[in-house]
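Just so it is clear, the structure is predicted and the values come from calculations on it, not from any experiment. In what follows, chains are A, B, ... by sequence order, proteins preceding strands, each numbered from 1.
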There are 2 protein chains.
Amino acid sequence: MRKKQPTQADVAKLAGVSQSTVSIILNPQGKDHLLISEETREKVQAAIQELGYVINPAARTLAGGQNRLMGVFINGSAFPLDQHGFYHPYLVGIEEACIRHDYDMLLFTRSDGGEGVRRIYRNGLNHLRIADGSILLGLENKEELARLMKEEYPFVFIGKREVPDGDISYVAADYFRGTQTILSRMMALGHRQTGFFYRLYNDATKDRERGYHAALAENYHSSVTHMKRQLTVQEITPAFCRDVLDAGVTAILMEEPAMAHAFAEGARQIGRTCPDDFSIAALSDNDLAYLPTQVAQELVMINIPKLAMGAAAVHMLNQLIVDRNKAHDAIQMTIPVTISGGSTIGTVRVEEELQG
Amino acid sequence: MRKKQPTQADVAKLAGVSQSTVSIILNPQGKDHLLISEETREKVQAAIQELGYVINPAARTLAGGQNRLMGVFINGSAFPLDQHGFYHPYLVGIEEACIRHDYDMLLFTRSDGGEGVRRIYRNGLNHLRIADGSILLGLENKEELARLMKEEYPFVFIGKREVPDGDISYVAADYFRGTQTILSRMMALGHRQTGFFYRLYNDATKDRERGYHAALAENYHSSVTHMKRQLTVQEITPAFCRDVLDAGVTAILMEEPAMAHAFAEGARQIGRTCPDDFSIAALSDNDLAYLPTQVAQELVMINIPKLAMGAAAVHMLNQLIVDRNKAHDAIQMTIPVTISGGSTIGTVRVEEELQG
DNA sequence: CTGAAAGCGCTTACAG
DNA sequence: CTGAAAGCGCTTACAG
């Protein structure tokens, strides 16, 4: 039979004080804390030692205290077998910042209703509520976000999400400026015919798209041919590459490195090489571990500052938790990206220009 | 100002029933659950929908319910930057099993008192108590284990730990049989002079040592020369290798692959090669990612079934939690290991035998 | 089948 | 400086 834990009342009885005195001593941030005499404090500490008292976090939360629990809701595995998980770098940043801010991490694992999508609400219950606040990664369900907002549950989204019913707090990568920088660099080297290819059309894609158009607008004032479409990696065949290149496109922006790699491979098979015949760049560094090391090093791409984003999310969420009783605007933070690689962008060949 | 969440009392009022009826409906495992009429049930569900009611987990825990929270206490980073963390494969198994058993994972991150060691108890408070039970990895502090036992907090240790005050529940790898198998294989190939080198002397080392002696005992009935000592990788210099080999030792067991690799390298520098001049094996597969791929493939070594161990820990802990009000013996489980590689073990050369 | 009530172990005004 | 008391939102006997 499991023994009953000692409670504050037990401690109080042993120390010869009231239970609230014990509570006040245990809560240094409370306003009465300084009023307790050193003598009382020592008696209580001694009783705590003697009984092996430990606080009951559930009772503390219920009574209005905090658990210092930071929830992490991932729409996927936090510990994928291959260790190259998309989310891993965010989690590194989150864990590190949680340690600094003195939070434990609560990983919600059991929200998969068998539909392949993890849901926050099941049976009408918000699982997140046991944590003081939560960081959300990869959640696509905007309804659930809207409901969390309505409940005024403190949360921070990693990645950008625009929801209908008002602003949510998020930390995002600056895809706008990253994309703009890369395309401007290409256009400075003479490229005029551009292509923009994405895997999914989501809020991040919209930012990249805006950056793409901003670069077009500021770098070229006469008309420019450009292609823009949604693609899967499987669709990037040699035939597709020929179509794109024969249309005169020489500056290619792909959402994912794997798509850029597939294009370079497809083009090679029809005798076109990079950067001689075309320049190419990726607008993220996702799943880089699955590409050859050389590609990972040479391909021009946007590096998503995942560690910094994870850490920033913890900072922001801590702020929301601390201020949870004040009226509060959403905090939205955009973190600068860096651009790596270099050898997949070059000047436009003279022949190309003559042809074009 | 944060809105107050609706409570069961609010739901009850709207549905025109008592608060306990709402609770009974929300707890399908409770004994009164079947007694509620379908009509009442529907009224209550409708009220829950309308109010957006969500249960308060802290209140539920306090009142004796369960949170289905499984704590994970790691003496290190759960999300190491290099992604080759020692603990990662355990966590993969734990996460997967937590999903199956419907637990969320609570990662205790904030127990580092700045001493480089994470502690369960701080300020006399057991942080683990918010979780229904916890899995412990890499905890060296036997005092804390003893205290957890005294409190009858449900926990499972990953790795073997013998504590003074009784048995703890653990899941361990079968280093005994793994070591015995490897050394028997070496001795079957003619090796008689053996060396056993370890990095730390802990409970796992003791198991390996027992396996080592078991193999010696069963394979050779006359006297045998053997070396046994504690080592760091740094100490494995060419001079050290010469000493060992010149002493006639031909069968070498190293705790870690890195130690085995260092020995093979050191030996190569003094002109001795494996498996011609000696056979070598590692008694774990820790930190394999840092060794050359070829070494990782060829070196004979014990593969620790980390995924299976993590999953088994969750199963066991779930059992302890379910049975927490019954008297309970500790559950101790040893999981078979496999042995990989092969080309670092060979027959003893005739010259060696003549020399020896 | 359903409700009134005790109790889980805390925090926090409030009263002295 | 310290204590008595209300209340946080549930679960679970208990009574009907």
Exercise. May I have the distance from B:Ile24 (atom CD1) to C:dC1 (atom P), rounded to whole angstrom?
Key: 13 Å
Quiz item: When you measure from the centre of the six-membered ring of B:Tyr87, is the NZ or CZ of B:Lys306 under 6.0 Å away and within 45° of the axis?
Solution: no
Quiz item: To the nearest angstrom, how far is A:Asp132 atom CG from D:dC8 atom P?
Solution: 19 Å
Exercise. With the side chain counted from C-beta on, respond yes when B:Leu128 and B:Leu136 share a heavy-atom pair under 4.5 Å apart, and no when they do not.
Key: yes
Quiz prompt | Separation of atom NZ in A:Lys13 from atom P in C:dC10, rounded to whole Å | solution = 14 Å
Quiz item: Between B:Thr21 and C:dG3, does any side-chain N or O lie under 4.0 Å from OP1 or OP2?
Solution: yes
Quiz item: Quick check: are there more than 12 heavy atoms from other residues, nucleotides or ligands sitting under 6.0 Å from NZ of A:Lys13?
Solution: no
Quiz prompt | Interatomic distance where NZ belongs to B:Lys43 and C1' belongs to C:dT2 [whole Å] | solution = 10 Å
Quiz item: When you check the side-chain N and O atoms of A:Gln332 and A:Ser169, is any donor under 3.5 Å from an acceptor?
Solution: no
Self-check item: Short side-chain N/O contact from A:Ser37 to OP1 or OP2 of D:dT2, under 4.0 Å
Solution: yes
Quiz item: Between A:Thr40 and D:dT2, is there a side-chain N or O to OP1/OP2 distance below 4.0 Å?
Solution: yes
Self-check item: Validation row: A:Leu26, A:Tyr53 side chains within 4.5 angstrom (heavy atoms)
Solution: yes
Self-check item: Separation of atom CZ in B:Arg60 from atom P in C:dG9, rounded to whole Å
Solution: 18 Å
Exercise. Give the rounded distance in Å between these two atoms: CG of A:Leu62 and P of C:dT11.
Key: 11 Å
Practice problem: Counting heavy atoms from C-beta on, name the nucleotide in C:dG9, D:dG9, D:dG3 closest to the side chain of A:Ala63. | Solution: C:dG9
Practice problem: Please work out if A:Ser23 contacts a base, only the sugar-phosphate, or nothing of the nucleic acid, heavy-atom cut-off 4.0 Å. | Solution: base
Quiz item: Could you state the CD-C1' distance from B:Gln19 to D:dG9, rounded to the nearest angstrom?
Solution: 7 Å
Exercise. Compare side-chain N and O positions of B:Gln8 against OP1 and OP2 of D:dT11 and report whether any pair is under 4.0 Å apart.
Key: yes
Quiz item: Picking from C:dG9, C:dG3, C:dC8, which would you name as closest to the side chain of B:Val17?
Solution: C:dG3
Quiz item: Atom CD1 of A:Ile25 and atom C1' of D:dC1: how far apart are they, to the nearest Å?
Solution: 11 Å
Quiz item: Quick one: are A:Val92 and A:Tyr90 in side-chain contact, heavy atoms under 4.5 Å?
Solution: no
Exercise. Mind running side chain to side chain donor-acceptor pair (under 3.5 Å) on A:Ser18 and A:Thr21 for me, showing each step along the way?
Key: CA-CA 5 Å; A:Ser18 80; A:Thr21 302; 3.2 Å; yes
Self-check item: Proximity to the side chain of A:Tyr53 - top-ranked nucleotide from C:dC8, C:dC10, C:dA5
Solution: C:dC10
Quiz item: Do the side-chain N or O atoms of A:Ser18 get closer than 4.0 angstrom to the phosphate oxygens (OP1, OP2) of D:dG3?
Solution: yes
Quiz item: Under a cut-off of 3.5 Å for both distances of each Watson-Crick or G-U pair, what dot-bracket string does DNA chain D give, using [ ] for crossing pairs and | for inter-strand pairs?
Solution: |||.||||||||.|||
